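Take a look at the structure set out below.
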Amino acid sequence: MADHRSPPPAYLAEGPRVGLRPFRYRDADEFTARARESRGLHRPWLFPPDTAEAYAAYARALIEDPARAGYLVCERADGAVAGFININNIVRAAFQSGALGYGAFAHAAGRGLMGEALGLVVRHAFGPLGLHRLEANIQPGNTASLALVRRAGFRKEGFSPAMLFIDGAWRDHERWAVTAETPVPPDTP
């Protein structure tokens, strides 16, 4: 683990208000505190790790698994973690695709930071990562998440009944996707 006094790594991508950087093990305290503060915002859609042990396993998968890429969304003004966007299930070869998972923390919700960050992740995925397609599977009642992907240029591709087991039940999801040929809207830096 890195020394806590060392400066944070440079951002992989930056917008006017946010920067993206990889997950680090030493982010556990801030991430889990933000996750606990944000339970009311996240439930019943999302259950990010809110203990040090759960964070360690979560971060390890994002750091070590080549089929995953995890990014902390940080406010450029002070470096505070505002949310996260992960690309999971990365498949290479002819597919060149990944599935998004993301969440804003309560203190940052509704401020447009995740829209800016999603635009940065899309550009990073289609640029340095070399992906061609990103998917987002969203529960139909999660209106904030649906609005986020719409603004970012994702298109609805379908509906998957009982797709994922979340919070004790199989949940329906809408399937949304964007490809490298889809321009990122101008309001998404």
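Quick caveat: nothing in here was measured; it's all calculated off a predicted structure.
A donor-acceptor distance shorter than 3.5 angstrom exists from the side chain of His42 to the backbone of Ala104, with no hydrogens or angles considered. One N or O on the side chain of Glu30 and one on the backbone of Val81 form a donor-acceptor pair closer than 3.5 Å. The backbone N or O of Phe105 lies less than 3.5 Å from no partner atom in the side chain of Arg34, so there is not a single donor-acceptor pair. Remark: the backbone N or O of Arg111 is paired with a side-chain donor or acceptor of Arg17 at under 3.5 angstrom. Within the 3.5 Å criterion, the main-chain N or O of Ala54 finds a donor-acceptor partner in the side chain of Thr51. In this structure, Arg36 contributes its side chain and Asp50 its backbone to a donor-acceptor pair below 3.5 Å. Asn142 places no side-chain N or O within donor-acceptor distance of the main-chain N or O of Gln139, the cut-off being under 3.5 Å.
Linking ILVMFWY residues whenever their side-chain heavy atoms come closer than 4.5 Å, directly or via other members, leaves Phe95 and Leu131 in distinct clusters. Cluster annotation: Ile166 and Met163 are assigned to the same hydrophobic cluster (Ile/Leu/Val/Met/Phe/Trp/Tyr, side-chain heavy-atom contacts under 4.5 Å, transitive).
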Task: Check against side-chain contact (heavy atoms from CB on, under 4.5 Å), Val121 and Tyr102 - done: CA-CA 11 Å; Val121 167; Tyr102 50 83; over 6 Å; no

TODO: Starting from the C-alpha separation in whole Å, work towards a yes-or-no answer on side-chain contact (heavy atoms from CB on, under 4.5 Å) for Leu134 and Phe126.
DONE: CA-CA 9 Å; Leu134 290 173; Phe126 295 156; 4.1 Å; yes

Open item on the list: Checking Arg155 against Thr179 for the side-chain contact (heavy atoms from CB on, under 4.5 Å) test, could you report, in this order, the C-alpha distance in whole Å, the side-chain angles of both residues, the deciding distance, and whether it holds?
Closed with: CA-CA 10 Å; Arg155 67 187 168 277; Thr179 60; 3.5 Å; yes

Open item on the list: Could you go through Glu14 and Leu20, starting from their C-alpha distance and side-chain angles, then the distance that decides it, and tell me whether this counts as side-chain contact (heavy atoms from CB on, under 4.5 Å)?
Closed with: CA-CA 6 Å; Glu14 293 181 61; Leu20 299 177; over 6 Å; no

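Atom-to-atom distance recorded for Leu41:CG and His107:NE2 is 11.5 Å, nearest 0.5 angstrom.
Look at Glu157 and Arg133 and you find a salt bridge, because one of the NZ, NE, NH1 or NH2 atoms lies within 4.0 Å of a carboxylate O, short of that distance.
The two residues Met114 and Gly103 have their closest heavy-atom pair at CE-O, 3.6 Å. The nearest pair of heavy atoms linking Leu62 to Ala69 is CD2-C, 4.2 Å. Nearest heavy atom pair, residue Ala35 against residue Pro49, reads CB-O, 3.4 Å. Across all their heavy atoms, Cys74 and Tyr11 have their closest contact at CB-OH, 3.6 Å. The shortest heavy-atom contact between Arg171 and Asp167 is NH2-O, 3.2 Å. Of all heavy-atom pairs between Ser97 and Glu135, the closest is OG-OE2, 4.0 Å.
Among Arg175, His173, Glu174, the one residue that satisfies the side chain to side chain donor-acceptor pair (under 3.5 Å) test with Ser160 is Arg175.
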For residues 82-90, run the donor-acceptor check on the side chains, cut-off 3.5 Å, and write out each pair with its distance to 0.1 Å, sequence neighbours left out.
unit_1, atom_1, unit_2, atom_2, d
Asn86, ND2, Tyr58, OH, 2.6
Asn88, OD1, Arg68, NE, 2.9
Asn88, OD1, Arg68, NH2, 3.0

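Leu12 places a side-chain heavy atom less than 4.5 Å from the side chain of Pro22. Here the side chains of Tyr25 and Arg60 are in contact, with some heavy-atom distance below 4.5 Å. Put simply, the side chain of Leu100 reaches to within 4.5 Å of the side chain of Leu118, judged on heavy atoms.
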